[in-house]
Engineer: 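Take this structure, written in structure tokens, and hold onto it; I'll ask about it next.
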Amino acid sequence: MKYPAEPFKIKTVETIEMTDREERKEILKDAGYNTFLLPSKNVYIDLLTDSGTTAMSDKQWASLMIGDEAYGGSENWFRLEETVKEIYGFDHVVPTHQGRGAENILSQIMIEEGDYIPGNMYFTTTKAHQELNGGEFVDVIVDEAHQPDVKGDFKGNVDIEKYKNLIEEVGAENIPYINVALTVNMAGGQPVSMENIKKVKEISEKNDIMVMSDATRCVENAYYIKEREDGYQDKSVKEILKEMMNHFDGATMSGKKDCMVNIGGFLAMNDADMYQEATSLVVVYEGMPTYGGMAGRDMEAMATGIRESVNPHYIEHRIKQVRYLGDKLEEAGIPIIKPVGGHAVFIDAREFLPHLSQDQLPAQALAAAIYLESGVRSMERGVVSAGRDADGTHHYPKLETVRLTIPRRVYTYAHMDVVANAVIDLYEKRDKISGLEFVYEPPTLRFFTSEFEPL
Ligand code: F0G
């Protein structure tokens with residue numbers, strides 16, 4: 001079915017507050033034109049992120065009631081550990097409070113000053129931890145990933161030539177691991193093919209480089225493989241996921257996405273020594289290796305959520321609901337990243353606002369304008385998110401986007417219609433949108449807390 005109906009019925013509802021344009025004008029100004037800083041009560045449809053915004057199922061809420069809050073050896077931990085081993089297939093699991101907790105531990109264990117860490121496009125927190133540990137991130141994604149207009153089935157793939165060239169240039173001994181994200185968030189939620197994962201593994205093995213995965217949205221990636229890659233149509237998403245993970249030496253996971261919970265994460269690996277090191281770090285930064293910053297109840301809900309995430313009806317609806325919004329925008333001629341990816345629709349802000357230069361922060365300005373006009377909250381993923389280079393100048397990413405990120409199981413197709421119409425209406429008066437400038441900028445991960453003023 002092109003757009004399957006929600007494979008769930010609604011048991012609890014949360015009332016949404018409405019605001020009018022005049023109110024939003026003040027609210028936006030108070031938030032420094034940064035959608036991260038908007039109070040959630042003033043947001044109509046919240047597409048800031050799919051992270052931690054999932055609606056839990058009745059079974060997950062029931063899981064909360066059997067939380068074993070013991071400091072050591074919580075029953076829920078054993079269930080979570082067993083679930084991760086079964087569904088993803090890794091030998092060892094270290095729990096963390098969320099994805100960046102796992103990234104911190106992985107980066108500390110693996111990276112030495114002067115190392116290079118290739119990856120299929122940067123992610124903000126991942127790159128920050130690599131740099132904090134003296135490493136340098138190198139983008140080895142295929143060129144099409146940076147080209148919003150070019151369609152492709154697997155625009156998240158690692159460019160094998162770029163990867164080989166890097167090994168030749170800097171030496172395999174200076175590359176502790178390659179980090180393969182599934183799907184690629186900053187490229188628009190674009191998937192990676194099984195064939196590409198296998199090739200990356202083959203080259204890495206030859207060169208004694210470990211292959212780690214940012215598995216944050218790996219179930220969505222598995223669905224795309226089923227849909228688009230030859231030979232996988234008759235396999236279940238669950239089987240494909242396991243096969244994918246089988247090619248990795250380990251993974252970081254933000255449980256707030258594909259594990260369907262509001263908080264949580266883990267670092268998984270096959271190497272026993274690495275696991276020992278990770279357990280000695282987890283007690284410093286997160287908590288005991290049997291809770292890692294999560295409550296017992298949260299671990300139980302995550303174990304239940306992981307099993308629900310590979311339900312074929314859930315994942316099909318998830319992907320197609322996002323596609324529905326993308327199709328509506330594309331049909332109306334709105335410039336978006338094509339094809340639509342797993343978790344979000346990304347608007348190409350430079351095409352939307354051709355009268356603004358990248359220094360005038362077009363994606364930030366567009367996100368602010370969408371909120372002002374409709375109460376829909378989106379997120380900048382452009383020059384503000386990309387931060388500054390070592391020499392202090394802005395890092396100018398090729399993609400300057402606004403992300404309409406769809407939370408899991410939260411909104412209906414009717415909400416998607418509202419969002420599409422809001423963006424289409426705004427497009428009609430796009431020449432009235434002015435640029436923004438920084439009035440406050442923190443030193444790292446600036447997009448979270450920066451403040452702006454209209455030019
Ligand atoms: N990796 C990817 C690909 C992510 O998208 C995120 C978070 C993380 C790692 C970090 O995980 O938030 O649990 O610490 N992405 C959120 C987003 C913030 O909105 O895209 P975390």
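In each ligand, atom 1 is the first atom listed, and ligand 1 is the first ligand listed. Along the sequence shown, the residues carry numbers beginning at 1.
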Engineer: Could you tell me if K226 sits above the aromatic ring of Y232, with its cationic atom closer than 6.0 Å to the ring centre and no more than 45 degrees from the axis?
Structural biologist: no
Engineer: For residues 278-297, pull every pair meeting salt bridge (charged side-chain N to carboxylate O under 4.0 Å, His left out), keeping only residues two or more places apart or in separate chains.
Structural biologist: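 Every pair satisfying salt bridge (charged side-chain N to carboxylate O under 4.0 Å, His left out) with a residue in residues 278-297: E69-R297.
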Engineer: Quick one: do the K257 and T216 side chains pair a donor with an acceptor below 3.5 Å?
Structural biologist: no
Engineer: So, are E195 and K199 salt-bridged, with charged N and O less than 4.0 Å apart?
Structural biologist: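 Answer for the salt bridge query: yes.
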Engineer: Using a 4.0 angstrom limit on heavy atoms, which residues are close to ligand 1?
Structural biologist: T49, S51, Q98, G99, R100, E103, F123, T125, N185, D214, T216, R217, S254, K256, K257, M379, R403
Engineer: Could you pull out all residues at least two apart from Y440 that satisfy side-chain hydrogen bond (donor to acceptor under 3.5 Å, both in side chains)?
Structural biologist: none
Engineer: Mind checking what makes side-chain hydrogen bond (donor to acceptor under 3.5 Å, both in side chains) contact with R446, not counting sequence neighbours?
Structural biologist: H394, E441
